Amino acid sequence: MNSLTLKQLRYFVALARYRHFGRAAEACAVSQPALSVQIKDLEADLGTPLVERTSREVHLTPIGETFSERAREILRAVDDLGDLARASEGPLGGQLRLGMIPTIAPYLLPETLKVLGQNYPMLEVLPRETVTATLLTDLKEHRLDAAIVALPVSEAQLEEVPLFEEEFILIRHQQDAGKAVPDPGQLLKMRLLLLEEGHCFRDQALSFCSVDGVKARDVMEGSSLSTLVRMVGAGLGVTLIPEMATRFELGTENVSMARFATPAPSRVIGLVWRKSNPLTVQLQHLAEILRATDCGWRVADLRM
């Protein structure tokens, strides 16, 4: 193999994933011409075309499909070797690719980076914020080392360690402050505002309301918790947000918060990673550090 082989494999795997030269180049942090040249060189080395280029998208040839699967296996093995070397060095060091879901990242990520910087001075955290399904795929395909998500994820390949539990808080207009807290089934009648489909927090809220069959047209949607809170302030309905978000999102005087009666709706937040990851011992220690950190908003600490 020449010195560019691993780079070529990574570029080709990215192209196979995105089926678009521009998006693949962006994911690899290189220019599109540079990626295109490497793909052409790879095809020349192999003596066969791997992709069929059209004006709008990229299609893999039959050999390209097979090659992409083998390339992923090779890159996963290479990443495992790197993780094995890191694991032998003791404490976490180098780069840690850490994912978080959007209903956690704005509130937890800054404190997490601070805590990790204090405990692992040689560690460089590369955060990624996206929905749960994408994070789990990235974990299983070795694009992430660990992720902080709502549990359970129920994936056989992944280890789950709970960090803490937090309640869901009812957010309604200021004029409703002091009124009786509605029963779960009454929330839809009050025009429930939810996150867009794809967010696990949306599904958890609907489950609490016992309306799993609700369609998108039956509720109003927002792209973030901040948007939902401001929609409530404008008098458009009510919403639920996780407790960690309350001290960040309730800056407007037009909304009020209320707790549900026991048993209140809640979610468990945890750290997940591949069971095969050689860094398992280090990640377990990382979970202990995060669990012990006092961030000032925890409801129920799950110390083990």
Side-chain angles (χ1 to χ4, degrees), residues 1-87 94-102 124-147 149 153-159 197-198 272-280 283:
M1 290 186 177
N2 60 43
S3 60
L4 297 178
T5 299
L6 285 179
K7 179 188 295 184
Q8 290 172 335
L9 292 181
R10 293 192 187 279
Y11 289 178
F12 180 71
V13 166
L15 183 60
R17 180 187 182 195
Y18 293 102
R19 307 296 171 113
H20 188 278
F21 276 93
R23 289 193 291 271
E26 182 179 357
C28 295
V30 297
S31 68
Q32 182 173 331
L35 184 136
S36 181
V37 167
Q38 291 296 328
I39 298 300
K40 288 180 179 178
D41 288 347
L42 178 60
E43 291 177 314
D45 288 342
L46 296 173
T48 185
L50 298 175
V51 299
E52 178 183 347
R53 299 161 175 83
T54 67
S55 58
R56 293 189 176 183
E57 58 184 4
V58 171
H59 300 277
L60 299 188
T61 64
I63 187 63
E65 292 283 2
T66 301
F67 187 83
S68 69
E69 291 299 322
R70 297 297 299 273
R72 288 189 185 94
E73 293 174 4
I74 292 171
L75 293 176
R76 281 195 290 266
V78 170
D79 290 339
D80 281 345
L81 288 174
D83 289 339
L84 186 61
R86 292 168 62 195
Q95 294 182 336
L96 177 70
R97 300 165 297 176
L98 180 66
M100 285 191 189
I101 55 177
E124 178 188 6
V125 181
L126 303 179
R128 172 160 164 69
E129 176 185 345
T130 188
V131 296
T132 301
T134 302
L135 291 178
L136 298 184
T137 297
D138 286 350
L139 274 172
K140 289 183 285 188
E141 296 187 359
H142 292 232
R143 290 189 290 270
L144 286 175
D145 298 307
V149 299
V153 297
S154 302
E155 293 279 353
Q157 298 172 246
L158 303 179
E159 185 73 30
E197 290 189 12
V272 298
W273 62 86
R274 293 182 306 280
K275 291 180 177 178
S276 62
N277 195 329
L279 294 172
T280 289
L283 291 172

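Residues: numbered from 1 along the sequence shown. All values below were derived from every heavy atom in this structure, side-chain atoms included, with hydrogens, water molecules and symmetry-related copies excluded. Everything quoted here is computed from the prediction, not taken from an experiment.
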Student: Quick check: closest heavy atoms across Y18 and R23, and the distance to 0.1 Å?
Tutor: O-NH2, 3.5 Å
Student: Any side-chain heavy atom of T280 sitting closer than 4.5 Å to one from W273?
Tutor: yes
Student: Given side chains that start at C-beta, do those of F67 and L46 come closer than 4.5 Å, heavy atoms only?
Tutor: yes
Student: Looking at side-chain heavy atoms only, is the closest gap between I39 and Q8 below 4.5 Å?
Tutor: no
Student: Measure the SG-CZ distance between C28 and R10 for me, rounded to the nearest 0.5 Å.
Tutor: 9.0 Å
Student: What are the two closest non-hydrogen atoms of A71 and L9, and how far apart are they?
Tutor: CB-CD2, 3.9 Å
Student: I need the minimum non-hydrogen distance between S36 and F21, along with the two atoms involved.
Tutor: CA-CE2, 4.0 Å
Student: Report the distance from atom CG of L35 to atom NZ of K7, rounding to the nearest 0.5 Å.
Tutor: 11.0 Å
Student: Give a yes or no on whether K140 atom NZ has more than 12 heavy-atom contacts from other residues, nucleotides or ligands under 6.0 Å away.
Tutor: yes
Student: Taking R70 first and then E73, would you say they form a salt bridge - that is, a charged N and a carboxylate O separated by under 4.0 Å?
Tutor: yes
Student: If you look at every heavy atom in V125 and P127, which pair is closest and at what distance?
Tutor: O-CD, 3.3 Å
Student: Between L139 and L144, what is the shortest heavy-atom contact and its length?
Tutor: CD2-O, 3.7 Å
Student: Taking the basic N atoms (NZ, or NE/NH1/NH2) and the acidic carboxylate oxygens, is any pair closer than 4.0 Å for R17 and D138?
Tutor: yes
Student: For the CG atom of L60 and the CD atom of E52, what is their distance to the nearest 0.5 Å?
Tutor: 10.0 Å
Student: What is the distance from atom CD of E124 to atom CG of L126, rounded to the nearest 0.5 Å?
Tutor: 5.0 Å
Student: Please report the interatomic distance CZ(R143) to CZ(R97), rounded to the nearest 0.5 Å.
Tutor: 9.5 Å
Student: Is the side chain of E43 donor-acceptor paired with the backbone N or O of L50 at a distance under 3.5 Å, no angle test?
Tutor: yes
Student: Would the distance check show the side chain of S68 and the main-chain N or O of V13 forming a donor-acceptor pair, the cut-off being under 3.5 Å?
Tutor: no
Student: Taking all heavy atoms of L15 and all of V51, pick out the closest pair and write down the distance.
Tutor: CD2-CG1, 3.9 Å
Student: Does any N or O in the side chain of T137 come within less than 3.5 Å of the main-chain N or O of A133, such that one atom is a donor and the other an acceptor?
Tutor: yes
Student: Checking the side chain of R19 only, and the main-chain atoms of A16 only, is there a donor and an acceptor separated by less than 3.5 Å?
Tutor: yes
Student: Taking atom CD of E141 as the centre, does the number of heavy atoms from other residues, nucleotides or ligands within less than 6.0 Å exceed 12?
Tutor: yes
Student: Please name the residue in the list L135, T134, L136, T130 that meets the side chain to side chain contact (heavy atoms under 4.5 Å, CB included) test with T132.
Tutor: L136
Student: Should H142 and R274 count as side-chain neighbours, where that means a heavy-atom distance under 4.5 Å?
Tutor: yes
Student: Under 3.5 Å, is there a donor-acceptor pair between the side chain of K275 and the main chain of A156?
Tutor: yes
Student: Evaluate V37 against Y11 for side-chain contact (heavy atoms from CB on, under 4.5 Å), listing each step before the verdict.
Tutor: CA-CA 10 Å; V37 167; Y11 289 178; over 6 Å; no
